[in-house]
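Below is one structure, written out as structure tokens; the observations come after it.
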Amino acid sequence: MPTALITGAGRGLGAAIARELSGTHRLLLGARSAESLTDIRAELPDTVPWPVDLTDYPALARATAGIDRLDVLVHNAGVAELGTIAESSVQMWRNTLEANLVAVAELTRLLLPALRAAGGHVLLINSGAGLRANAGWGVYAASKFGLRAFGDALRLEEPRLRVTSIHPGRIDTDMQRAIVAAERRDYDPNEFLTPQTVARTVRTAIETPRDAHPTEIVLRPIAR
């Protein structure tokens with residue numbers, strides 16, 4: 001059975017991706033702490049917890065050291081700090097770029113030998129903000145534009161790997177609820193994509209026959 005590592009797997013979209021792949025892959029579930037994986041592991045007991053702070057690079061190197069073959073790497077973990085450029089701070093820029101771009105690049109770099117051994121597939125959960133920046137989303141969008149560029153470069157540099165950037169619109173998750181609360185408006189889940197829909201798209205990309213390379217997938221919600 002092929003092996004997949006999913007970051008940010010404890011809840012929301014990451015947990016939905018874990019459910020979608022659980023029947024076809026041996027799963028390593030990444031999260032900042034083992035405690036945050038309690039619920040999804042109770043639901044999927046055959047999975048393997050992989051708790052590590054992705055921005056703790058010595059710890060990340062230790063956590064990846066025993067992985068010698070990896071078929072699928074799903075970069076799902078990330079942060080969303082919103083605000084105008086005028087309201088932003090150096091720390092906000094650092095936190096966002098560190099989580100959404102630098103940690104992704106380092107985890108991928110560390111796992112390249114394992115991915116090469118499997119002819120693996122790297123999936124980057126990007127965003128509509130990685131295609132177009134809106135007011136108040138500049139810091140987040142910059143990290144996602146960078147993530148898209150990272151994927152484009154990796155695809156060219158590692159021709160034995162498949163690299164897919166997935167750009168979903170806004171998704172019905174706890175993170176989305178926090179964003180809508182910050183926007184000072186009522187939350188309507190019908191405005192957003194479901195995590196299950198995006199997870200199914202991830203699985204479809206992985207299962208695309210090997211004569212095709214799904215490079216970019218863009219999803220937009222349809223009001224229900």
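These values consider heavy atoms only, across backbone and side chains, with no hydrogens, waters or symmetry-generated copies. We number each residue from 1, following the sequence as shown.
- Nearest heavy-atom pair, Val198 versus Pro168, reported as atom, atom and distance to 0.1 Å: CG2-CB, 4.1 Å.
- Rounding to the nearest 0.5 Å places CD1 of Ile222 at 9.0 Å from CG of Leu193.
- Interatomic distance, CD of Gln91 versus CD of Glu98, reported as 9.5 Å (0.5 Å rounding).
- Taking Arg132 as the reference, nothing meets the salt bridge (charged side-chain N to carboxylate O under 4.0 Å, His left out) condition, with sequence neighbours excluded.
- Criterion: ILVMFWY side-chain heavy atoms under 4.5 Å apart, direct or through other members. Under it, Leu97 and Trp137 are not part of a common hydrophobic cluster.
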Please walk me through it: do Thr64 and Leu107 pass side chain to side chain contact (heavy atoms under 4.5 Å, CB included)? CA-CA 8 Å; Thr64 57; Leu107 177 57; 3.7 Å; yes
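- The stretch residues 105-117 participates, sequence neighbours left out, in these side chain to side chain donor-acceptor pair (under 3.5 Å) pairs: His75-Thr108, Glu106-Arg109, Arg116-Glu158.
- Across Ala63 and Trp50, no two heavy atoms sit closer than the pair O-NE1, 3.2 Å.
- When hydrophobic clusters are built by joining Ile, Leu, Val, Met, Phe, Trp and Tyr residues whose side-chain heavy atoms come closer than 4.5 Å, directly or via intermediates, Val218 is not grouped with Ile206.
- The structure places CD1 of Ile171 at 4.5 Å from CG of Leu13, a figure rounded to the nearest 0.5 Å.
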Quick one: do Leu101 and Val104 satisfy side chain to side chain contact (heavy atoms under 4.5 Å, CB included)? Show the steps, please. CA-CA 5 Å; Leu101 182 57; Val104 170; 5.7 Å; no
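- The two residues Ile166 and Leu123 make their nearest non-hydrogen contact at CD1-CD2, 4.1 Å.
- We find the CD1-CG distance between Ile67 and Leu110 to be 9.5 Å, quoted to the nearest 0.5 Å.
- With no hydrogens or angles considered, a side-chain donor-acceptor pair links Thr194 and Thr197 at under 3.5 Å.
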Checking side chain to side chain contact (heavy atoms under 4.5 Å, CB included) for the pair Leu21/Arg203: CA distance, chi angles, key distance, verdict? CA-CA 7 Å; Leu21 299 184; Arg203 180 175 174 178; 4.0 Å; yes
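- Val102 and Leu112 fall within the same hydrophobic cluster, defined by Ile, Leu, Val, Met, Phe, Trp and Tyr side-chain heavy atoms under 4.5 Å apart, directly or through other members.
- Leu73 is not connected to Leu29 by any chain of hydrophobic side-chain contacts under 4.5 Å among Ile, Leu, Val, Met, Phe, Trp and Tyr, and they are in different clusters.
- Screening residues 41-64 for salt bridge (Lys or Arg N to Asp or Glu O under 4.0 Å), with sequence neighbours left out, gives Arg19-Glu43, Arg32-Asp53.
- Under the 3.5 Å distance criterion, the side-chain polar atoms of His213 are matched with a main-chain donor or acceptor of Val163.
- Put simply, the side chain of Arg162 gets close to the backbone of Thr208: a donor and an acceptor are under 3.5 Å apart.
- In terms of heavy atoms, Pro221 sits closest to Phe192 at CB-C, 3.9 Å.
- At least one donor-acceptor pair closer than 3.5 Å links the side chain of Asn76 to the backbone N or O of Thr7.
- Scanning for salt bridge (charged side-chain N to carboxylate O under 4.0 Å, His left out) contacts around Glu157 gives an empty result, with sequence neighbours left out.
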Using side chain to side chain contact (heavy atoms under 4.5 Å, CB included), reason through Thr164 and Leu124 one step at a time and then give a plain yes or no. CA-CA 6 Å; Thr164 303; Leu124 305 167; over 6 Å; no
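- Of all heavy-atom pairs between Leu54 and Ala77, the closest is CD1-CB, 3.9 Å.
- We find the CG-CG distance between Leu5 and Asp71 to be 11.5 Å, quoted to the nearest 0.5 Å.
- The distance from the CG atom of Leu115 to the CG atom of Leu154 is 8.5 Å, given to the nearest 0.5 Å.
- In this structure, Ser22 and Leu27 approach most closely via the heavy-atom pair CA-CD1, 3.8 Å.
- Under the salt bridge (charged side-chain N to carboxylate O under 4.0 Å, His left out) criterion, Arg200 pairs with Glu20, sequence neighbours left out.
- With sequence neighbours left out, Asp152 forms a salt bridge (charged side-chain N to carboxylate O under 4.0 Å, His left out) with Arg155.
- Without hydrogens or angle criteria, His121 side chain to Val72 main chain gives no donor-acceptor distance under 3.5 Å.
- There is no path of hydrophobic side-chain contacts, each under 4.5 Å, that joins Phe150 to Tyr140.
- The backbone N or O of Ile125 sits less than 3.5 Å from a side-chain atom of Lys144, completing a donor-acceptor pair.
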